[in-house]
Amino acid sequence: MNKASKSLSTTALPPSEFNQTVIRWQSEHGRNELPWQLEQDPYHVLVSEFMLQQTQVATVIPYFSRWLHHFPTLATLASASEDEVLTQWQGLGFYRRARNLHKAAQYLQETYQGQIPAQPQLLQEVPGIGPYTAGAITAFAFNQPAALVDGNVKRVFCRYFGIEQVPTSTAADKLIWQLAENYYPEQDNRSYAQGLLDLGATICTPRKPNCINCPLRASCYAYQQQRVDNLPTKPPRKTTPTRPGHFIWISNAEGIFLTQRSGDVIWPRLWSFPEVTEPPLQAALHGHFKHTFSHYRLAAQVWQLAHPNQLAETLSTGLELISWQQLKNIALPTPIKRYLDKHQQNPG
DNA sequence: CATCCGTGGAA
DNA sequence: TTTCCAAGGAT
């Protein structure tokens, strides 16, 4: 018995009983009317899975509907411009996903004539598709057998099998993927995969799980050992630093000067006030805002220059005068959009 | 293996 | 107010 399996539950159901229990529960209590479940369209599944990466269902739903209205097919998405794609994505965050989804559509058009392959191995060659999304598309779009591990599966498995390692660790990740490979069914994988996610999202929740309604509680390690509140093991906390930011406000009656950010920074390829590393000389404070990212806090000051001419000396990036009307057609980061909404009443 | 990449909702 | 964390992937 190796080290990893020593801590594992000895009362776990065998795969066939486990996955049949999940499938039966899913058909009665799972989610079956989410927007991307209504039509079994692989493109719909593709879009939803990109949007759902690290993003909750409730947040995604309105974006998904608007997206399909704007890009109804894979081909329309593939032929769209990057700016158009980012504008539809604005506010959803993790903007690399949008560019990856765009690249994925172009890749699928060129490589498979617009068809989406049903094999995880091929799907992982697509930009933005990793191990989870490859399994998810295989299961949800094609109802084919494949393993998939997301945050829900990790939590359910850590509790059910009694996995003590921090779930983000490499050791836990390998173990959970191995279990996932061993437990998925050959038939009905769509319902099984959906059932695992539904269990994690509605029953086996991070806090105050609803064990009394869980179909797996009789054979769940954490439930039996009263370890539900201790599993999965919490990773050590790290404090999020606060970083200063300095932005430049230049506007006139016609519009405001913005710049399109580069592709390798936060808010990649989105439009924003020009950003500088130091507060400019001879500038008046126009306003300020705070914003929390996943890994740091931004304390931003917005400066208005006394002499707009000095801008050329300060900035390396190109500026464009965006008319007040045009603002709604470009991709803006949420706090920049918010700041504009607040101050646009008094432009200048 | 660690870090980066957004945002919003819940407690 | 702070903390947590969500259908992760790329580097």
Side-chain angles (χ1 to χ4, degrees), chain A residues 30-31 34-37 44-64 86 89-101 103-104 123-141 146-156 166-174 176-177 180 190 193-202 204-208 232 234-243 261-270 272 290-298 331-338:
Chain A
R31 298 170 293 184
L34 296 171
W36 42 91
Q37 296 175 316
H44 293 193
V45 174
L46 178 81
V47 171
S48 71
E49 289 303 334
F50 272 72
M51 290 185 168
L52 286 162
Q53 289 169 4
Q54 291 289 285
T55 307
Q56 293 181 340
V57 167
T59 303
V60 165
I61 287 175
Y63 280 89
F64 178 80
L86 286 172
W89 198 275
Q90 71 167 320
L92 195 52
F94 283 149
Y95 297 95
R96 187 157 301 182
R97 294 181 297 169
R99 301 166 66 205
N100 280 339
L101 177 55
K103 290 177 193 166
L123 285 165
Q124 284 198 61
E125 302 295 317
V126 181
I129 297 185
Y132 163 74
T133 303
I137 292 173
T138 305
F140 297 137
L148 55 87
V149 173
D150 76 327
N152 292 301
V153 177
K154 281 191 173 182
R155 186 171 54 257
V156 171
V166 174
T168 52
S169 68
T170 304
D173 192 73
K174 287 179 64 176
I176 293 167
W177 270 101
R190 174 185 285 139
Q194 188 64 52
L196 279 185
L197 303 196
D198 292 344
L199 270 178
T202 67
C204 197
T205 50
R207 286 165 294 198
K208 296 185 178 179
K234 307 286 184 198
R237 301 283 158 241
K238 38 187 171 183
T239 59
T240 61
T242 298
R243 302 180 192 172
R261 298 168 66 86
S262 72
D264 55 359
V265 297
I266 201 156
W267 299 330
R269 305 301 298 161
L270 270 62
S272 147
K290 294 183 188 302
H291 189 69
T292 302
F293 296 106
S294 44
H295 52 302
Y296 69 95
R297 274 191 278 274
L298 172 67
L332 299 166
T334 294
I336 301 292
K337 178 194 254 304
R338 211 172 266 148

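Each chain gets a letter, A, B and so on, in the order its sequence line appears, and its residues count up from 1.
A/K337 comes within 4.0 angstrom of nothing in the nucleic acid, heavy atoms only. Residue-level contact check: A/L298 touches neither bases nor backbone, having no heavy atom under 4.0 Å from any strand.
A distance of about 15 Å separates the C1' atoms of C/dC4 and B/dG6, rounded to the whole Å. Rounded to a whole angstrom, the distance from the C1' atom of B/dC5 to that of C/dC5 is 15 Å.
Partners of A/P333 according to the side chain to side chain contact (heavy atoms under 4.5 Å, CB included) rule, which considers only residues two or more places apart in sequence or in another chain, are A/W267, A/L270, A/P335, A/I336. In terms of the side chain to side chain contact (heavy atoms under 4.5 Å, CB included) criterion, residue partners of A/R96 (sequence neighbours excluded) are, by chain and number, A/N100. Residues passing the side chain to side chain contact (heavy atoms under 4.5 Å, CB included) test with A/R237, sequence neighbours excluded: A/K234, A/P235.
Separating the CZ atom in A/R99 from the CZ atom in A/R269 is a distance of 7.0 Å, to the nearest 0.5 Å. Between the CG atom of A/L34 and the CZ atom of A/F140 there is a distance of 10.0 Å, given to the nearest 0.5 Å. The distance from atom CD1 of A/I266 to atom OG of A/S294, rounded to the nearest 0.5 Å, is 6.5 Å.
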Report the C-alpha distance between A/L148 and A/T138 in whole Å, list the side-chain angles of each, state the deciding distance to 0.1 Å, and finish with yes or no for side-chain contact (heavy atoms from CB on, under 4.5 Å). CA-CA 9 Å; A/L148 55 87; A/T138 305; over 6 Å; no
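Both A/R297 and A/V149 lie close to DNA chain C; mapped to their nearest nucleotides by heavy-atom distance, the more 5′-ward contact belongs to A/R297. Sequence order on DNA chain C of the closest nucleotides to A/G128 and A/Q37 puts A/Q37 first from the 5' end.
The aromatic rings of A/F293 and A/H291 sit perpendicular, their planes meeting at an angle over 60°, well past the 30° parallel limit.
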Listing, residues 47-55 of chain A side-chain donor-acceptor contacts under 3.5 Å, not counting sequence neighbours, or none:
unit_1: A/S48; atom_1: OG; unit_2: A/H44; atom_2: O; d: 3.4
unit_1: A/S48; atom_1: OG; unit_2: A/V45; atom_2: O; d: 2.9
unit_1: A/E49; atom_1: OE1; unit_2: A/Y132; atom_2: OH; d: 3.1
unit_1: A/Q53; atom_1: NE2; unit_2: A/G128; atom_2: O; d: 3.3
unit_1: A/Q53; atom_1: NE2; unit_2: A/T133; atom_2: OG1; d: 3.1
unit_1: A/T55; atom_1: OG1; unit_2: A/M51; atom_2: O; d: 3.4
unit_1: A/T55; atom_1: OG1; unit_2: A/Q53; atom_2: O; d: 3.1
unit_1: A/T55; atom_1: OG1; unit_2: A/R97; atom_2: NH1; d: 2.9
unit_1: A/T55; atom_1: OG1; unit_2: A/R97; atom_2: NH2; d: 3.4

At under 4.0 Å between heavy atoms, how does the protein contact nucleotides 6-11 of chain B? Give one character per nucleotide, 5' to 3', with B, S or -. BBS---
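In this structure, OH of A/Y296 is placed 10 Å from C1' of B/dC4, rounded to the nearest angstrom. The CZ atom of A/R261 sits 14 Å away from the C1' atom of B/dC4 (whole-angstrom rounding).
Contact footprint of chain A on DNA chain C: nucleotides with an atom under 4.0 Å from a non-hydrogen protein atom, first to last in 5' to 3' order, C/dC4 to C/dA10.
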